[in-house]
Amino acid sequence: MLRRSIFPFLGGTALLIAVAAPAVVPAKVPAYLQTALSAPGRPADAQALDAGRKPAEVLAFLGLKPGMAAADIMTGSGYWAEIMANAVGPRGKVTAFEPAQFYNDPEEQKVWKALTARRSDIEFVRYPFEAFTAGDRRFDAVMINLNYHDLYWESAKYGIPRTDPQAFLKQLYAAVKPGGVVGVIDHAGPAGDTRAIVDKLHRIDPAVVKADFAAVGFTLEAESPLLANPADDHEKLVFDPAVRGKTDRFLYRFRKPR
């Protein structure tokens, strides 16, 4: 599967009722994050995405700092993993996870060969899409960019079986250090049958994400309008030329309690 063409790159409700509304926190960008963007070696096609993705502001919002252990899940072309590795520096460590099913396409293999050759400081891990695990790794910060919704997607064509989002999140919860954070960016979608909406639009209702994370113990600490676009039509497929790269995206910071 060509992830760079398929993806722009990929019961807890009651628990939320008793929780105060999360703060909307402006992102202040420290110098080391700006430096992470301008570090030599980042591909030109990755740099071209910076204006729309606002990576320095996003990572400031998540609180990524030098020396941290961080992860990028469903890393795709490694866009976030490279920036995060530049930011955490030599005292930190970034692990980039990619589903094994996404290595099957020859073009994807070329991307990965170039990425792994260029960034020997990043640990690259393959895992079955439907059976994520981080092993004994523990993270201060995790990025899930534009692909949490795919846990509700299945495709015989691409070898993606029906996946249990709660099983994924339980493994993720175990992999995050107490006090650690998970950043989720995704395309905002309408309410309804989540699997049907994901299959049709590759979007997800933000309330579903909040409920899913709450159900395994994460706290929604803050959300940001940084990537919002009120003009986006939530009923359009995210790959529609009219909205591609300009979708209404929510940005959440979940924290694992200490």
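Please read these numbers as outputs of a predicted model, since none were measured by experiment. Because only heavy atoms are used, hydrogens play no part in the values below, and waters and symmetry mates are left out as well, while side chains stay in.
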For [X] and [Y], which heavy atoms make the closest approach, and how far apart are they?
{"X": "Leu37", "Y": "Ala56", "value": "CD1-CB, 3.9 Å"}
{"X": "Met143", "Y": "Leu59", "value": "CE-CD2, 4.1 Å"}
{"X": "Ala174", "Y": "Arg138", "value": "O-NE, 3.2 Å"}
{"X": "Ser77", "Y": "Val111", "value": "CA-CG1, 4.1 Å"}
{"X": "Gly76", "Y": "Glu108", "value": "O-OE2, 4.2 Å"}
{"X": "Ala36", "Y": "Ala87", "value": "CB-N, 3.8 Å"}

For this session: Under the salt bridge (charged side-chain N to carboxylate O under 4.0 Å, His left out) rule, what do Glu123 and Arg137 come out as? Steps first, then yes or no, please.
Result: CA-CA 11 Å; Glu123 180 184 9; Arg137 301 172 185 84; 2.7 Å; yes
How far does [atom1] of [X] sit from [atom2] of [Y], to the nearest 0.5 angstrom?
{"X": "Leu62", "Y": "Glu57", "atom1": "CG", "atom2": "CD", "result": "12.0 Å"}
{"X": "Ile185", "Y": "Arg249", "atom1": "CD1", "atom2": "CZ", "result": "7.5 Å"}
{"X": "Ser224", "Y": "Leu251", "atom1": "OG", "atom2": "CG", "result": "5.0 Å"}
{"X": "Thr95", "Y": "Met84", "atom1": "OG1", "atom2": "CE", "result": "9.5 Å"}
{"X": "Asp186", "Y": "Thr247", "atom1": "CG", "atom2": "OG1", "result": "8.5 Å"}
{"X": "Lys236", "Y": "Leu201", "atom1": "NZ", "atom2": "CG", "result": "10.5 Å"}

[X] side-chain N/O to [Y] backbone N/O, donor-acceptor pair under 3.5 Å:
{"X": "Asp72", "Y": "Ala96", "value": "no"}
{"X": "Glu98", "Y": "Thr75", "value": "yes"}
{"X": "Thr116", "Y": "Ala114", "value": "no"}
{"X": "Lys54", "Y": "Leu227", "value": "no"}
{"X": "Thr133", "Y": "Gly135", "value": "yes"}
{"X": "Asp150", "Y": "Trp153", "value": "no"}

For this session: Applying salt bridge (charged side-chain N to carboxylate O under 4.0 Å, His left out), run through Arg203 and Asp232 and close with a yes or a no.
Result: CA-CA 12 Å; Arg203 296 175 179 267; Asp232 176 34; 2.7 Å; yes
[Y]/[X] salt bridge by N-O under 4.0 Å criterion:
{"X": "Glu82", "Y": "Arg118", "result": "yes"}
{"X": "Arg42", "Y": "Asp50", "result": "yes"}
{"X": "Asp233", "Y": "Lys246", "result": "no"}

Ignoring hydrogens and angles, state whether a donor on the side chain of [X] or [Y] is under 3.5 Å from an acceptor on the partner side chain.
{"X": "Asp212", "Y": "Tyr152", "result": "yes"}
{"X": "His187", "Y": "Asp248", "result": "no"}
{"X": "Glu130", "Y": "Gln101", "result": "yes"}

For this session: Starting from the C-alpha separation in whole Å, work towards a yes-or-no answer on side chain to side chain contact (heavy atoms under 4.5 Å, CB included) for Tyr252 and Glu221.
Result: CA-CA 8 Å; Tyr252 295 151; Glu221 183 176 71; over 6 Å; no
Problem set entry | Ring-face cation contact, Phe61 with Arg253, 6.0 Å cut, 45° max | yes
Problem set entry | Cation-pi geometry met for Lys65 and Tyr32 (6.0 Å, 45°) |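 Checked: cation-pi criterion not met.
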Problem set entry | Near-ring test Phe250/Tyr148, centroid separation under 6.0 angstrom |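 No: the rings miss the under 6.0 Å criterion.
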Exercise. Is the gap between the ring centers of Trp112 and Phe102 under 6.0 Å?
Worked result: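 No, the ring centres sit 6.0 Å or more apart.
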Aromatic rings [X] and [Y]: how do their planes relate, parallel, tilted or perpendicular, breaks at 30° and 60°?
{"X": "Phe218", "Y": "Phe213", "value": "tilted"}
{"X": "Tyr127", "Y": "Phe97", "value": "perpendicular"}
{"X": "His149", "Y": "His202", "value": "perpendicular"}

Exercise. Any side-chain heavy-atom pair from Val198 and Arg195 closer than 4.5 angstrom?
Worked result: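 They are not in contact (no side-chain heavy atoms under 4.5 Å apart), so the answer is no.
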Exercise. Hey, mind stepping through Ile197 and Thr194 against side chain to side chain contact (heavy atoms under 4.5 Å, CB included) and telling me if it holds?
Worked result: CA-CA 5 Å; Ile197 290 166; Thr194 301; 5.8 Å; no
Problem set entry | Hydrophobic cluster identity match, Val88 and Trp80, side-chain contacts under 4.5 Å | yes
Exercise. Are Phe168 and Phe254 co-members of a hydrophobic cluster defined by side-chain heavy atoms under 4.5 Å apart?
Worked result: yes
For this session: Evaluate whether atom NZ of Lys200 has more than 12 neighbouring non-hydrogen atoms of other residues, nucleotides or ligands under 6.0 angstrom away.
Result: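 12 or below, so no.
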For this session: Please step through side chain to side chain contact (heavy atoms under 4.5 Å, CB included) for the pair Val238 and Arg244, ending with a clear verdict.
Result: CA-CA 5 Å; Val238 299; Arg244 187 164 188 175; over 6 Å; no
For this session: Please list, chain by chain and in numerical order, all residues satisfying side-chain contact (heavy atoms from CB on, under 4.5 Å) with Val142, sequence neighbours excluded.
Result: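 Checked Val142 against side-chain contact (heavy atoms from CB on, under 4.5 Å); matches are Ala71, Ile73, Phe139, Ile144, Leu172, Val176, Val182.
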Seminar exercise, completed: The side chain to side chain donor-acceptor pair (under 3.5 Å) partners of Lys157 (sequence neighbours excluded) come to none
For this session: Report the C-alpha distance between Lys210 and Glu223 in whole Å, list the side-chain angles of each, state the deciding distance to 0.1 Å, and finish with yes or no for side chain to side chain contact (heavy atoms under 4.5 Å, CB included).
Result: CA-CA 11 Å; Lys210 292 178 180 179; Glu223 55 189 80; 3.6 Å; yes
